[in-house]
Amino acid sequence: MAVESLQRELGRAVRAIGADPDTRVGLERARDPEHGDWASNVALTLARPLRRKPREIAEEIVARLDTDAAGVRSVEVAGPGFINFRLAPEALIGGLAEIVDADLAFGRSEDGQGEPVMVEFVSANPTGPLHIGHGRQAALGDAIAELLAWTGWKVSREFYYNDAGEQINRLARSVAARRAQLDSPSAPFPEDGYHGDYVSEIASRFPGGPAASEELRAFAVSELRAEQDRDLSEFRVRFDRYYLESSLYTDGRVQDTIRRLREAGRVYEQGGALWLRTTAFGDDKDRVMVRSNGEPTYFLADVAYHLAKWERGFRRAINVQGSDHHGTTARVRAGLQALGLPRGYPEYVLHQMVTVLRGGQEVKFSKRAGDYVTLRELFTEVGVDVARYFFLMRRAEAQLVFDLDLALDQSDKNPVYKIQYAHARMHAIFRRAGLPMSDVAAGTVALLRQPAEVELVKVLRRLPETLAEAAARHAPHLLCKYLEEAAAAVNAWYHTGNRDESLRVLGVEQDLSRARLLLARAAAIVLRNGLSVLGITAPERMEHAETLT
RNA sequence: GCGCCAGUAGCUCAGCUGGAUAGAGCAACGGCCUUCUAAGCCGUAGGUCAUAGGUUCGAGUCCUAUCUGGCGCGCCA
């Protein structure tokens, strides 16, 4: 690739002027086209160690560059001492064949080298329908997992079921109370019970009698798990494994974790409880592992669970959780460090809350769940593609405002449709031409000289680096931004044909038409691959409301 | 009180390890339809980057303090 040879050549010139051989030679895409294609600030960073003026250093580096070797058309020193490079047009256009040859694999890389990584997400308690916060987490976790898969990691998606705690007892009491009310309506309902209509629904579906409390509890949990599974499945999120908290107790992992922490000498007794000295690893207070009544804490199970991840061979584990859990991250990591695991294990992606807006007003309630909006209600109204995209288009750490009015808009104002339309337009060209896309695998790309064409090629080639950065930073929103930019470039190119027929793909001289078809195919590949990473469909033809009715 | 996240255009938000005049979408304003689908396109306007200091050749980005919003600080999960 031209950029890598440019980087090497630049490094050679930097050493040639007597700079430290370890100097980091920055080379990045110029933000402003005025500054060429690539720019280096190396002369500025060398100014201090060399005690010389940046521009002088830049001039000297440029004088020693062999630009022919790097496919560079021109070099200039600009501003305070930047070195700007313009690539030869052939070097830019040459990337088109790469996209089409790779096709479904375009954008994939091998950074992960097939190493295993676990992404744990959703992990909702089986006590009610999934809400929009879970939706954000489902979309985020799935996209992060897919980004890692695209960058060469062997990814496992896991859901941790907190099926062992007090909240399950609460659920059981709530359903039992509703069941009793079927026989005598004045029967009491627990103060801390779950109030949503779904509790009554489960109670009325329960086939057993009023006294069967164990069966009722199991029934309620399995009903809610089944409902969550249906929601997630329709939201197009699948897991490789569901890990039950209860299994940590039955298979001895919890007891084993206590034993090992004791052996590590990080444990002490106080007030009849067993404590772990997490403050030794940066926590702000020590934590109870076993209560004075002999019951282990949730925290202990959490440590046991993450130890199990490590011992199952996952040297990387990423937990996607709501930011309301941020208090637990320090103590879980501390517990794991006490057992000899590395400091940053696991990695956390903590996302902020979601609010739903309709007509500028916040929507808070749901018919079934009572006090929150469910994921199902949301994706039923706006569609899975739109819901997933809206959950992903903001950084996880920022609060998310889900604008229903924009989500329901089916024009290009809605970023999801904008990208999908751009993709469908490329297919429309091929339909009009009567050609399958796969028939166009080569062309005289040197004929692509129009500004909109060159610009589009430049954008399309950035997919691999965008995926790599989004994966490294656990940040799917970077891919959303990129796809919107790519769609804008596709639309801009496509519409140049509106004003000037000589710029169209079809109806122009054959070699030129062929080259433009190749560009259209490359555009479709980039948009489709990018959307697939986000779990969003790339339709070849868009149907819209007016024509459906 | 302590901790985590955030504060950038009227609104919703980008801004990569500090780098060249701060970007996008929506809303606003002005143009463009016998189209490879105008469900659109082109253009214009709009910002003391919460505030005050500091580090630096250079700060939206790093440090300190303050203000505002969200979340968390249990022998709950």
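Just the heavy atoms: all of them, side chains too, but no hydrogens, waters or symmetry mates, feed the values below. So you know, we letter chains A, B, ... as the sequences are listed, proteins then strands, and number each from 1.
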List for me each residue that meets side chain to side chain contact (heavy atoms under 4.5 Å, CB included) alongside His326(A), sequence neighbours excluded, and say none if there are none. Leu350(A)

Excluding sequence neighbours, so at least two apart, what forms salt bridge (Lys or Arg N to Asp or Glu O under 4.0 Å) with Arg55(A)? none

Candidate nucleotides G70(B), A14(B), G19(B), ranked by approach to the side chain of Gln399(A) - the nearest: G70(B)

Pairs under 3.5 Å (N/O, protein and nucleotides 30-33 of chain B):
none

Set of salt bridge (Lys or Arg N to Asp or Glu O under 4.0 Å) partners for Asp403(A), sequence neighbours left out: none

Enumerate all atom pairs, one protein N or O and one N or O from nucleotides 61-64 of chain B, separated by less than 3.5 Å.
none

Under 4.0 Å from OP1 or OP2 of G40(B): is there any side-chain N or O of Ser411(A) that close? yes

Involving RNA chain B, stems made of at least three consecutive Watson-Crick or G-U pairs, both distances under 3.5 Å: B:1-7 with B:67-73, B:10-13 with B:23-26, B:28-32 with B:40-44, B:50-54 with B:62-66

With sequence neighbours excluded, what pairs up with Asp439(A) under the side chain to side chain contact (heavy atoms under 4.5 Å, CB included) test? Leu435(A), Pro436(A)

Test ring pair (Phe, Tyr, Trp, His ring centres under 6.0 Å) applied to Tyr160(A) - qualifying residues, sequence neighbours left out: Tyr305(A)

Contact string for nucleotides 22-28 of chain B, one letter per nucleotide 5' to 3', B = base within protein heavy-atom range under 4.0 Å, S = sugar-phosphate only, - = neither, reads ---SSS-

Only counting residues at least two apart or in another chain, list the ones meeting salt bridge (Lys or Arg N to Asp or Glu O under 4.0 Å) with Glu465(A). Arg29(A)

For residues 289-301 of chain A, pull every pair meeting side-chain hydrogen bond (donor to acceptor under 3.5 Å, both in side chains), keeping only residues two or more places apart or in separate chains. Asn162(A)-Tyr298(A)

B/S/- along nucleotides 71-77 of chain B (protein heavy atoms under 4.0 Å) is BSSSBSB

